[in-house]
Amino acid sequence: MSSALPSTPAAAPPNRALVQRLFGLAWRYRLHCLQVLGIQLLLLTMGIVGLSFTGLGIDYIRHRMDGTPLTANRLHLTLPVDWPPLQVLALLAGLILVLALGRALLNYLYAVSINVLVQQKLVVDLRGEVYEKLQRLSFRFFDANSTGSIITRVTGDVQAVRMFVDQVLMQSVIMVISLSVYVIYMASLHPGLTLACLATTPVLWLMSAWFSRKIQPEYAHNRTLVERMVQTLAESIQGIAVTKGFGREAENRAKFDAANQACYDQQRGIFWRLSLFTPAIGFLTRVNIMVLLGYGGWLVAHDRLPFGTGLIVFAGLLEQFSGQINNVANIVNSVQQSLIGARRVFEIVDAPVEVKSAADAVRRPKLTGEVRFENVSFTYDGAEAVVRDLDLTVRPGQCVAILGATGAGKSVLMSLIPRFFDPTAGRVLLDGIDARRLDLDDLRRNIGLVFQESFLFSNTVAANIAFGHPEATPAQIEKAARIAAAHDFIVGLPKGYDTVLGESGNTLSGGQRQRLAIARAVLLEPAILLLDDPTAAIDSETEHEIFDALDRAIAGRTTFIVAHRLSTLRRADFILVMEDGRIVQRGTHEELMKQDGPYLHVADLQLVDGRELQQLKLKEGAA
């Protein structure tokens with residue numbers, strides 16, 4: 001019952017603010033993060049120790065071959081001099097093997113730990129937080145954002161936020177610690193060689209900063225294109241009957257192909273830039289190896305650096321250093337994706353909840369049903385008023401019918417009662433209390449709703465009827481179904497009340513779906529019923545059956561009915577006629593039929609149509 005205009009988007013938060021929030025998100029899981037970092041520190045230590053054992057073994061082989069003296073090693077490990085050479089080498093090989101097995105086990109634990117952290121905790125929690133926020137947002141938000149956009153944010157963008165933790169934060173911390181250890185160790189072996197081999201590092205950081213600025217807008221544009229593709233897919237599925245009815249399958253396929261191709265072309269541009277950036281980083285690290293071979297080889301030749309525990313270990317450390325540097329490209333790529341995803345996810349998390357219970361909300365588990373509008377006006381985001389200057393009092397148990405052309409403000413008037421929107425001027429009172437002061441859950445549990453196009457969930461018939469009252473007994477569900485004239489067709493379904501409906505109840509006719517919606521509203525036994533043209537999709541015979549039953553259901557309940565048929569309007573205690581957001585006529589059917597105005601005009605049209613139909617039937621009978 002809403003038609004809100006898109007709200008003006010807030011200014012996008014700067015990257016620094018996003019990073020701070022992402023750090024805050026990671027802080028929630030700090031114990032798991034520390035566990036993962038601890039495993040990585042053990043892996044780093046074991047890798048360096050294993051490399052040192054390898055260098056020591058090479059020096060020992062040279063010592064046995066040509067008598068080259070063994071120099072002190074960083075592990076301060078003394079090899080047994082009275083052992084046969086093969087036993088010494090077997091000892092070193094055994095130690096290296098044990099370390100390798102230990103690293104394999106730790107790598108397994110690391111993979112499990114990081115997946116538990118991000119996939120079983122962070123992603124699940126964040127999706128739940130986003131979904132919970134979506135449940136509390138007003139209709140205005142959903143009118144301003146497409147289904148495709150919301151789905152993409154809850155799925156793909158949450159995964160992008162996950163990337164910040166495991167592929168940016170964790171990898172960056174691991175990289176900083178690893179690089180620091182490698183540099184300190186290399187500097188302890190030979191400071192001059194370390195400076196020479198790492199001379200290209202500043203160039204690498206400059207390249208990374210430049211690439212980061214260039215690639216971020218591309219990722220933002222990519223998310224927009226993905227949204228459009230998802231929206232095109234969602235619309236094509238929801239409108240498949242219209243597509244087939246007009247024979248537009250080929251055109252729809254071409255539209256989707258165009259959206260899909262746009263994503264492909266734009267993503268290919270990102271990959272092209274990334275495929276240039278990554279080898280450029282790799283080239284710089286290879287330059288370091290060239291310097292090592294030239295300068296380091298000269299140092300070994302002049303006995304200024306040991307071969308095994310010096311050059312070989314240094315080469316291994318530099319190779320590990322280069323591997324971490326090569327990871328910079330992946331981190332830069334991931335940080336841009338995560339920032340774009342985080343911005344879009346936090347737009348939902350930070351969206352203002354426009355309608356919520358007041359801090360000192362009044363609890364009213366059961367209302368009597370008095371509704372009063374006091375000089376109520378409503379506008380969407382400061383635009384032209386949709387309803388204006390409404391003054392109306394409805395006593396408990398009265399039935400009010402509302403008539404008006406499309407856009408007259410009928411649905412908005414009804415939307416103000418359950419606080420789907422709050423009035424921009426005036427107030428709506430229930431039982432003499434401003435609706436904004438009532439507890440929101442209490443308020444809405446006192447109101448039964450039947451929309452013009454009722455939505456059914458992919459669940460059993462019984463579960464759909466009991467949606468607002470899950471604790472209802474089978475007897476209560478059946479009673480509500482009988483009131484809505486739905487029991488007979490339900491028992492004719494394959495499994496009766498346990499029949500599982502298809503998506504949106506698409507296996508039922510429009511009239512059947514509407515009757516289930518009426519049963520769902522009646523089951524609540526609410527003080528107030530809001531029926532937004534409930535018989536629009538129902539034939540005259542079924543309408544008669546439903547309203548005969550509803551005459552009993554609405555007894556003692558305040559009821560608002562948006563209707564256009566005289567058969568429905570006549571049942572009301574009084575009728576409101578709306579034009580341009582104002583009430584231009586009010587009274588009973590008999591009173592309004594005596595007044596020259598919009599109601600009489602509508603009634604005359606329907607009466608003329610009825611007389612013509614009756615005359616046609618008489619002619620067919622005479623023939």
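Residue indices begin at 1 and follow the sequence shown.
- For the side chain to side chain contact (heavy atoms under 4.5 Å, CB included) test with Ile528, the passing option among Asn446, Thr559, Val371 is Val371; the others fail.
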Test side chain to side chain contact (heavy atoms under 4.5 Å, CB included) applied to Leu438 and Asp442, step by step: CA-CA 7 Å; Leu438 286 170; Asp442 285 351; over 6 Å; no

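- Residues satisfying the side chain to side chain contact (heavy atoms under 4.5 Å, CB included) criterion with Val161, sequence neighbours excluded, are Leu22, Leu25, Leu126, Ala342, Val345.
- Although no hydrogens or angles enter the test, the distance criterion places a donor-acceptor pair under 3.5 Å between the side chain of Gln514 and the main chain of Phe451.
- Other residues, nucleotides and ligands contribute over 12 non-hydrogen atoms within 6.0 Å of the CD atom of Glu374.
- A side chain to side chain contact (heavy atoms under 4.5 Å, CB included) with Tyr29 is found for one member of Val36, Leu117, Val116 and no other, namely Leu117.
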Test salt bridge (Lys or Arg N to Asp or Glu O under 4.0 Å) applied to Arg419 and Asp422, step by step: CA-CA 6 Å; Arg419 290 192 67 200; Asp422 283 331; 2.8 Å; yes

Worked check of side chain to side chain contact (heavy atoms under 4.5 Å, CB included) between Asp360 and Arg437: CA-CA 8 Å; Asp360 57 345; Arg437 295 207 59 236; 3.8 Å; yes

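- The two residues Pro396 and Thr558 have their closest heavy-atom pair at CA-OG1, 3.4 Å.
- In terms of heavy atoms, Ala486 sits closest to Leu516 at CB-CD2, 4.3 Å.
- The pair Glu347-Arg343 fails the salt-bridge criterion, with no side-chain N (NZ, NE, NH1 or NH2) lying under 4.0 Å from an Asp/Glu carboxylate O.
- Salt-bridge check for Glu129 with Arg28: passed, with a basic side-chain N closer than 4.0 Å to an acidic carboxylate O.
- Distance alone, capped at 3.5 Å, places no donor-acceptor pair between the Asp434 side chain and the Leu429 backbone.
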From CA spacing to verdict: ring-ring contact (aromatic ring centres under 6.0 Å, His included), Tyr599, His589: CA-CA 9 Å; Tyr599 186 84; His589 170 72; 5.7 Å; yes

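- Of the charged side-chain nitrogens involved, at least one lies within less than 4.0 Å of a carboxylate oxygen, so that Asp157 and Arg344 count as a salt-bridged pair.
- Annotation: Arg372, atom CZ; neighbour count of heavy atoms from other residues, nucleotides and ligands within 6.0 Å is above 12.
- Looking at Gln159 and Arg162, their side chains do bring a donor and an acceptor atom within 3.5 Å of each other.
- Atom NZ of Lys366 sits in a crowded spot, with more than 12 heavy atoms from other residues, nucleotides or ligands closer than 6.0 Å.
- The side-chain heavy atoms of Phe467 and Leu456, taken from C-beta on, include no pair separated by under 4.5 Å.
- We find that Glu590 and Arg570 are not joined by a salt bridge, their nearest charged nitrogen and carboxylate oxygen being 4.0 Å or further apart.
- Leu225 is not listed as a side-chain neighbour of Met229, based on a closest heavy-atom distance of 4.5 Å or more.
- Residues Gln120 and Asn115 fail the side-chain proximity criterion, which asks for heavy atoms closer than 4.5 Å.
- A pairwise comparison of heavy atoms in Thr155 and Arg127 identifies O-NH2, 3.6 Å as the closest pair.
- Nearest heavy-atom pair across Leu440 and Pro418 is CD1-O, 4.3 Å.
- The number of heavy atoms from other shown groups lying within 6.0 Å of CZ (Arg136) is above 12.
- Salt bridge absent: Asp580 and Arg582 never bring a charged side-chain N and a carboxylate O closer than 4.0 Å.
- Between the side chain of His601 and the main chain of Asp596, no donor-acceptor pair closer than 3.5 Å is present.
- Contact detail for Pro423 and Gly426: the closest heavy-atom pair is CG-O, 3.9 Å.
- Using cut-offs of 30° and 60° on the angle between ring planes, the pair Phe378 and Phe421 is tilted.
- No donor-acceptor distance shorter than 3.5 angstrom exists from the side chain of Arg427 to the backbone of Ile433, with no hydrogens or angles considered.
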Audit row: Leu576, Gln585, side chain to side chain contact (heavy atoms under 4.5 Å, CB included) steps and yes/no: CA-CA 6 Å; Leu576 304 177; Gln585 284 186 295; over 6 Å; no

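- In the displayed structure, Tyr131 atom OH is contacted under 6.0 Å by at most 12 heavy atoms of other residues, nucleotides or ligands.
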Stepwise side chain to side chain contact (heavy atoms under 4.5 Å, CB included) test for Gln595 and Leu600: CA-CA 7 Å; Gln595 301 175 13; Leu600 181 61; over 6 Å; no

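- At least one donor-acceptor pair under 3.5 Å links the side chain of Gln476 to the backbone N or O of Thr473.
- No more than 12 heavy atoms of other residues, nucleotides or ligands shown are found within 6.0 angstrom of CZ on Arg16.
- The environment of Lys133 atom NZ is dense: over 12 non-hydrogen atoms of other residues, nucleotides or ligands sit within 6.0 angstrom.
- Residues Met578 and Leu390 form a side-chain contact, since some pair of their non-hydrogen atoms from C-beta on lies under 4.5 Å apart.
- Between His487 and Tyr497, the ring planes lie tilted relative to each other; the angle falls in the 30° to 60° range.
- The side-chain heavy atoms of Ile417 and Leu430, taken from C-beta on, include a pair separated by under 4.5 Å.
- Listed for the Thr424 side chain is a donor-acceptor partner under 3.5 Å among the backbone atoms of Ser377.
- Of the possible donor and acceptor atoms, one in the side chain of Thr499 sits under 3.5 Å from a partner among the backbone N and O of Lys495.
- Gly496 and Val461 get closest at one heavy-atom pair: O-CG2, 4.1 Å.
- Formation of a donor-acceptor pair under 3.5 Å by the Asp391 side chain with backbone atoms of Asn375 is found in this model.
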